Novice: 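Please read through the structure below; I'll follow up with questions.
Since the structure is predicted, the reported quantities are computational estimates derived from the model, not experimental observations.
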Amino acid sequence: MAAHKNTAEEAGGAKAVGSDDYALSRVPRDKRLGFWTMLLQWLAQSGSISQFTLGATIGVGMSFGDAFLAFTLGAVILEVVIFAIGLAGMREGLATPLLTRWAGFGRNGSALVSLVISVSLVGWFGVQNTIFGDSVSALVGGPSWLWCMAAGFAITVLVIFGFRYMAVFAKIVTPLFFAMVAWSVTDALSDHSLSELINSPAPGETIPLAVAATAIAGGFMTGAIVSPEMTRYNRKGSHVFLQSASSMILSEYIVGMTGVLLGHMVGSGQVSQIVLSTSGVFGVLVVLMSTAKINDWNLYGSSLGVVNFFQVVFKKRVHRGAVTIVLGIAGTVLSAVGIMSHFTDFLSVLGVAIPPVGGIIVAEYWVVRRMRAPLDATREAQTLPATSPTWVPMSLVIWALAFCVGKFYDGGIPALNSLLTAFVLYSVLGLAGWIRTYGTTTLDDDDAADRTPAASGTAPVGAP
């Protein structure tokens, strides 16, 4: 059998830049990665200055015990969503945009999901870049926008070449980041009584538990929904659980709660200088790399969503590498012009707009199971189904209703309210036979090329 070309490696007769990374196909089983390589990818998502900042912001408005409860609620919500969706991604070898074609939304609905998630991820790209730019500017001088531009350019170049290079980068950055942070934080806390910081009252205006839990869960909810982008490279379901749970423990209980202590210590959420100040030039370089390690996934997931959106809406295949360049420039510009000033509003909207997507995917794939039969039939052959539903209108109605519940109902945790509303509504209506698909779409000719997996031993550029 002829070796499979990397998807759309050549567009319009010109060789494309970077790797397409199975943007519109299953990841073949012989291209999946081992436990430790994937674990480092997960742990790399736990290490960022923004998570310290979030912890410190919550610490300013909550006692240590209340903050611990908020992080626990957020972590449990995230882990349940990550495992349920990530396991589906692992079994199918599909990224979220493709998975939603047969998991609740149909072909056209998947385009809308892809667009919303892509916009959110580009926003997160700008948020992370802004945090880096402001932090480095305060430490070593120079305009923040210049540091944002430098970081955005470096991350974009990395993501152009795909998952393989991102995995290598994680192996280098993750240990360095946490070693540097441990050194800096230990030094900062050494002159203070740990017990006094733990037992001290919140130094600022009180933050309600629901608001804090929403910020924690909502802040990474988009990452949870797009976890198949990573788990499609996993070999076993147990690996998905162990790796994601390890990431939650490190991110919420170690990094987040350390941020709470720093917030109690300085009485402010502006603690990035503490993490960086004792580390010198080396620390700045490591934080630059850790920012890249968070943002490479933001940019990577966004690029996969845009590829699916263009294929569905415009019936045009665009190369993931080319999309990465455009999105990288857009995200970098957003960070340079100050998207961070809208950080709180962004988290609040994100915390209720994205979770219903996860609720619908989980309900369809694991409970209702009326659309996934084509996936079951083609999984062993590692091909894509020849057809997909065109529309699932009720899914869009449920998505809108769940968002309204999360946004306008005052009780409970909005992120959880919207997710559970979507899950329950879809499960009940689906099992009752009220959720129906309309139309059938045959995959385009380019899709047909993707249905043939890579020949064993032949990997596209940038593919593991």
Side-chain angles (χ1 to χ4, degrees), residues 77-78 80-82 84-85 88-89 94-123 214 217-229 301-302 304-306 308-309 312-313 346-372 388-409 412-439 441:
I77 293 170
L78 288 171
V80 170
V81 175
I82 288 172
I85 298 178
L94 295 176
T96 302
L98 269 185
L99 183 62
T100 56
R101 294 190 187 186
W102 297 275
F105 288 90
R107 181 182 174 91
N108 291 353
S110 77
L112 181 58
V113 171
S114 297
L115 179 63
V116 171
I117 291 178
S118 294
V119 170
S120 298
L121 289 175
V122 169
T214 296
F220 193 70
M221 188 57 74
T222 299
I225 302 304
V226 300
S227 59
E229 272 73 334
S302 184
L304 292 173
V306 170
N308 183 65
F309 177 81
V312 173
V313 176
F346 180 80
L347 278 183
S348 298
V349 174
L350 184 65
V352 293
I354 301 300
V357 174
I360 291 171
I361 294 174
V362 173
E364 167 56 39
Y365 191 87
W366 294 111
V367 180
V368 179
R369 303 176 65 175
R370 293 197 174 184
M371 295 174 59
R372 66 173 257 190
S388 63
T390 303
W391 282 107
V392 189
M394 187 60 72
S395 292
L396 302 181
V397 174
I398 291 172
W399 187 4
L401 289 174
F403 170 78
C404 291
V405 170
K407 182 68 175 177
F408 301 111
Y409 175 63
I413 299 173
L416 184 57
N417 292 343
S418 61
L419 187 146
L420 288 178
T421 298
F423 175 80
V424 171
L425 284 176
Y426 192 100
S427 297
V428 172
L429 296 178
L431 292 175
W434 290 4
I435 294 180
R436 300 176 181 177
T437 62
Y438 290 84
T441 302

Novice: Only one of V392, L112, V113, T437 forms a side-chain contact (heavy atoms from CB on, under 4.5 Å) with F105, so which one is it?
Specialist: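 When V392, L112, V113, T437 are each tested with F105, the side-chain contact (heavy atoms from CB on, under 4.5 Å) holds only for V113.
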Novice: Determine the minimum heavy-atom distance between R369 and Y365, stating which atoms define it.
Specialist: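 Nearest heavy atoms, R369 then Y365: CG-O, 3.3 Å.
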Novice: Starting at CH2 of W102, measure out to CZ of R372 and round the result to the nearest 0.5 Å.
Specialist: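 Separation between the atoms: 14.0 Å.
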Novice: State the CE-OG distance between M371 and S388, to the nearest 0.5 angstrom.
Specialist: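 Interatomic distance, M371 CE to S388 OG, rounded to 0.5 Å: 8.0 Å.
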Novice: Once side chain to side chain contact (heavy atoms under 4.5 Å, CB included) is applied, do any residues pair with S110, and if so which ones, sequence neighbours excluded?
Specialist: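 Once residues adjacent in sequence are excluded, the partners of S110 under the side chain to side chain contact (heavy atoms under 4.5 Å, CB included) criterion are T100, R101, N308, V312.
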Novice: Could you grab the distance from atom CD1 of I77 to atom CD1 of I82, nearest 0.5 Å is fine?
Specialist: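 Going from the CD1 atom of I77 to the CD1 atom of I82 covers 11.5 Å.
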Novice: Which atom pair, heavy atoms only, marks the closest approach of A224 to L78?
Specialist: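 Answer, listing the atom of A224 first, then L78: CB-CD2, 4.2 Å.
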Novice: Please check this pair: side chain of W399 against backbone of A353, looking for a donor-acceptor N/O pair closer than 3.5 Å.
Specialist: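 Judged by distance alone, yes, a pair lies under 3.5 Å.
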Novice: Measure across P393 and Y438 and return the closest heavy-atom pair with its distance rounded to 0.1 Å.
Specialist: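 Where P393 meets Y438 most closely, the heavy atoms are CD-CD1, 3.4 Å.
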Novice: How far apart are the closest heavy atoms of V362 and A84, and which atoms are they?
Specialist: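 Looking at all heavy atoms of both residues, the shortest contact is CG2-CB, 3.6 Å.
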Novice: Under a 4.5 Å cut-off applied to non-hydrogen side-chain atoms, are P356 and T421 in contact?
Specialist: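 Of all side-chain heavy-atom pairs linking T421 with P356, none is under 4.5 Å.
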Novice: Between S114 and P97, is there a donor-acceptor pair closer than 3.5 Å when you use the side chain of the first and the backbone of the second?
Specialist: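 Not confirmed, S114 side chain does not pair with P97 backbone.
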Novice: Could you tell me the separation between the CZ atom of R370 and the CG atom of L431, rounded to the nearest 0.5 Å?
Specialist: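 Spacing of CZ (R370) from CG (L431) equals 7.0 Å.
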Novice: I'd like to check I85 versus I225 (side-chain heavy atoms, cut-off strictly below 4.5 Å). Are they in contact?
Specialist: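 Result yes, sub-4.5 Å side-chain heavy-atom pair found.
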Novice: Looking only at heavy atoms, which two atoms of S302 and L121 are closest? And how far apart?
Specialist: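 Minimum heavy-atom contact is N-CD1, 3.3 Å.
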Novice: Is it true that the side chains of T441 and T390 contain a donor and an acceptor less than 3.5 Å apart?
Specialist: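 Looking only at side-chain atoms, T390 and T441 do form a donor-acceptor pair, the distance falling under 3.5 Å.
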Novice: Any idea which heavy atoms bring N417 and G406 closest together, and the distance?
Specialist: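 Scanning both residues, the minimum pair turns out to be CB-CA, 4.4 Å.
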Novice: Side chains of Y426 and E364: closer than 4.5 Å at any heavy-atom pair?
Specialist: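 SC-SC contact between Y426 and E364 confirmed.
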Novice: Applying side-chain hydrogen bond (donor to acceptor under 3.5 Å, both in side chains), can you list everything that pairs with T96, at least two apart in sequence or on another chain?
Specialist: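 By the side-chain hydrogen bond (donor to acceptor under 3.5 Å, both in side chains) rule, T96 matches E229.
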Novice: In Å, rounded to the nearest 0.5 Å, how long is the span from OG of S427 to CD1 of I435?
Specialist: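 S427 OG to I435 CD1: 8.0 Å, rounded to 0.5 Å.
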Novice: Say you draw a straight line from CZ of F423 to CD1 of I361; how long is it, rounded to the nearest 0.5 Å?
Specialist: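 If I round to the nearest 0.5 Å, the distance is 13.0 Å.
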Novice: Within the distance-only criterion (no hydrogens, no angle test), does the side chain of S118 pair as donor or acceptor with the backbone N or O of L115 below 3.5 angstrom?
Specialist: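 The answer is no, because no donor-acceptor pair under 3.5 Å joins these two groups.
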